[in-house]
Structure formats: structure tokens, C-alpha cells
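Here is the structure we will look at, set down as C-alpha cells.
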Amino acid sequence: LFEKKWKSSGSEVDYEGFRNAKVNYRDAGNRAKKLHYTNLVSACRGDQRKLFGLVQSLCVGSAPKSYPAGNSDVDIANKLNTFFIGKVDGIRCDIERKRSALPESDRFVTCNSRSFVNKPPSSFSEVCNDDIVRLINSSSNKTSSSDPIPTALVKKCCDPVAPFIIKIVNSSISDGVFPDKWKHALVTPILKKDGLECMPVNFRPVSNFPFASKLLEKTILAQFKTHCNDYNLDCLHNSAYKQNHSTETLLLKVCSDI
């Protein structure tokens, strides 16, 4: 509007108004951009992994996806699938071989002088509506392609959806059966590090399970953790898959010991 007015009149006053409007527009855009990025960083507070991913996406960007050579997409997928399955089978066989070579008394892990096999959980408890609602609301918005509706929509419609999820979760707990459909994941091969050669050995599989299966998994995990804490079965110096622990706590422990 200011530019059109200035070009029509050609006066210095209109030009000054156009220039001021352009400066104000630029400053407003910069303030909005700054606020947007500030909010993104604030949302990652307390989660260093999420913050690192955000910084990397803003500064570096995502590299184009590359996969091993193959005659077709199906051929590439089959090659990677065969490699991943063989790798898992190899690890299992290696663990069993090494475990079998140990004396009978050393075949079970002990923590704090208490054996895991001596305190198995007797049963899992069914959950109530509040437990599932809390899990749904605390979950991230990540969605699998196999989900019938997006996770964000499930969180918005939590109250009418929760009773159906509770029924399936409690049935699974009471019957001791994990639904077969919830065991299927969409696996995406990710190159371990940029610049590596596109060979199956340089890829790692990232599995994306249905949202409901994660709720059931978290429900069982929470009860199992409670059992481990009650019987002092938790490894004191374990940092993997443990709340408030990471590679940083492990490095701090090593540095402190040194």
C-alpha cells in the first residue's frame, strides 16, 4: 500500500512512509522468527538429545537418504532385512554360547547380592482410566504409519478414546498376551554416520511401533520398575535405559573413580 502510494505520487513524504513501513515489516518478521526459535529451544529444556537434534536440523539440515545398491526398492529392502535378521540371530547365538561356557553359578546376573531369578514378579495389575490418560498426555506426538489416527488427535480426543485402550491393555495383562498386530513395526534403515559407504553393515534399523503398543509397553515397564525398586534389583551403576541416567552419568562415574 505504501509503495503503491509513493509510486503514484513520487513525493519524498510518501517515500519516507514506504521506507519506514518496510523497516517495521522487516523488524516484525525478525522478532517473530526469534520468538519462534526461542520457543523451539525452550521446548527442549531438560532433554539434551532433543535439543541436539533441533540444533543439528537448524544448522546442518537433513542429508538426502541413501541406501545400498539394488535392482529395485523391494530388492534393497530384502537385502537390509536379511542382514538385520542375521545380525540379531548372530548376537543371540553369541550370548548363548558365552553363557553356556560359564559355570552354572555365574549364569544369572546378580545385583546387590540379590539374584533376579529369586524375585520374579508374581503378576501385573490392571490399570485404571487415570493411568492411561496420564500416559497418553505425557507421550510425544510421534505417529506410525500403521496408526489409524495421528497421535496428536488421540491426545486431543483422550477422554472418549481412553476406555477402548484400557479394555485392550487390561485384557492383555490378564491374559498374559501381547496383541500380535502391536508387535509389527515399520523399520527404517538409517545410515549410522554421514559419509559412510552405503553397505548394510553401516545401517541401523529404527523401528516405529503403533502408538497403542507403546502405551501397553510403558504400562508393563512401569510396574516392572516398581518391582525392581521394591526388591532392590536395580543395578546401582547401570546408566542405560534408566531414568535420569545417560552416557553423561556413566562418564562422570568413570572420571570420579579415576
Side-chain angles (χ1 to χ4, degrees), residues 47-49 52 68 77-127 135 169 172-193 196-197 199-210 213-258:
D47 190 340
Q48 292 185 344
R49 181 178 181 181
F52 180 81
N78 288 334
K79 284 183 179 179
L80 290 168
N81 183 55
T82 302
F83 172 77
F84 291 146
I85 292 175
K87 185 176 181 179
V88 173
D89 290 342
I91 293 174
R92 288 175 175 170
C93 291
D94 189 49
I95 292 175
E96 182 60 30
R97 178 179 57 81
K98 291 181 178 179
R99 192 181 74 88
S100 301
L102 293 172
E104 188 69 26
S105 58
D106 295 336
R107 292 186 182 181
F108 297 101
V109 178
T110 58
C111 288
N112 302 328
S113 301
R114 297 188 179 188
S115 176
F116 282 110
V117 296
N118 292 335
K119 295 291 182 181
S122 57
S123 62
F124 292 103
S125 304
E126 294 186 355
V127 295
L135 275 178
V169 169
S172 177
I173 291 174
S174 60
D175 296 341
V177 177
F178 200 99
D180 289 336
K181 287 189 176 181
W182 288 2
K183 297 179 183 179
H184 294 276
L186 297 177
V187 180
T188 303
I190 303 294
L191 202 60
K192 295 178 180 178
K193 186 178 180 181
L196 292 177
E197 189 177 353
M199 299 173 60
V201 69
N202 291 329
F203 283 83
R204 59 185 178 91
V206 177
S207 301
N208 193 359
F209 285 90
S213 70
K214 298 177 183 177
L215 296 179
L216 176 55
E217 180 183 355
K218 290 178 179 179
T219 300
I220 299 300
L221 179 60
Q223 297 186 29
F224 180 73
K225 284 183 176 179
T226 300
H227 172 79
C228 290
N229 292 334
D230 291 344
Y231 289 98
N232 196 25
L233 299 176
D234 195 11
C235 294
L236 181 62
H237 302 303
N238 179 41
S239 290
Y241 306 105
K242 190 175 179 181
Q243 191 174 14
N244 300 324
H245 288 70
S246 65
T247 53
E248 290 184 5
T249 55
L250 179 61
L251 289 173
L252 288 173
K253 175 66 172 60
V254 173
C255 291
S256 177
D257 291 344
I258 294 174

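The first residue of the sequence shown is numbered 1, and numbering continues consecutively from there. Atoms considered below: every heavy atom in the structure, side chains included; atoms not considered: hydrogens, waters and symmetry mates.
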Other residues, nucleotides and ligands only: do more than 12 of their heavy atoms fall within 6.0 Å of CZ on Phe178? yes

If you draw a 6.0 Å radius around NZ in Lys87, do more than 12 non-hydrogen atoms from other residues or ligands fall strictly inside? no

Distance, nearest 0.5 Å, that separates OG of Ser213 from CG of Asp180: 12.5 Å

Can you establish whether the number of heavy atoms outside Lys183 located under 6.0 Å from its atom NZ is more than 12? yes

Would you find a donor on one side and an acceptor on the other, under 3.5 Å apart, between the side chain of Ser256 and the backbone of Leu252? no

N/O donor to acceptor pairs below 3.5 angstrom from side-chain atoms of residues 215-223, sequence neighbours left out:
residue, atom, partner, partner atom, Å
Thr219, OG1, Leu215, O, 2.8
Gln223, OE1, Ser125, N, 2.7
Gln223, NE2, Ser125, O, 2.7

To the closest 0.5 Å, what do you measure between CZ (Arg204) and CZ (Phe84)? 10.0 Å

Under the rule for side chain to side chain contact (heavy atoms under 4.5 Å, CB included), what residues qualify as partners of Ala185, not counting sequence neighbours? Ser207, Phe209

Nearest 0.5 Å, please: how far is CG in Asn202 from NZ in Lys193? 11.0 Å

Nearest non-hydrogen partners of Glu126 and Ser174, listed with the distance: OE2-CB, 3.7 Å

Between CZ on residue Phe83 and CG on residue Asn78, distance to nearest 0.5 Å: 15.0 Å

Would you say Lys192's side chain and Val201's backbone share a donor-acceptor pair under 3.5 angstrom? yes

Does any pair with a residue in residues 247-258 pass salt bridge (charged side-chain N to carboxylate O under 4.0 Å, His left out), and if so which ones, sequence neighbours excluded? Lys253-Asp257

If you compare all heavy atoms of Leu191 against all heavy atoms of Glu197, which two are closest, and at what distance to 0.1 Å? CD1-O, 4.1 Å

Is any side-chain heavy atom of Pro68 less than 4.5 Å from a side-chain heavy atom of Phe203? yes

For Pro189 and Val187, the nearest pair of non-hydrogen atoms, with its separation, is CD-O, 3.8 Å

Could you point out which residue of Asp94, Val88, Ile95 forms a side chain to side chain contact (heavy atoms under 4.5 Å, CB included) with Arg92? Val88

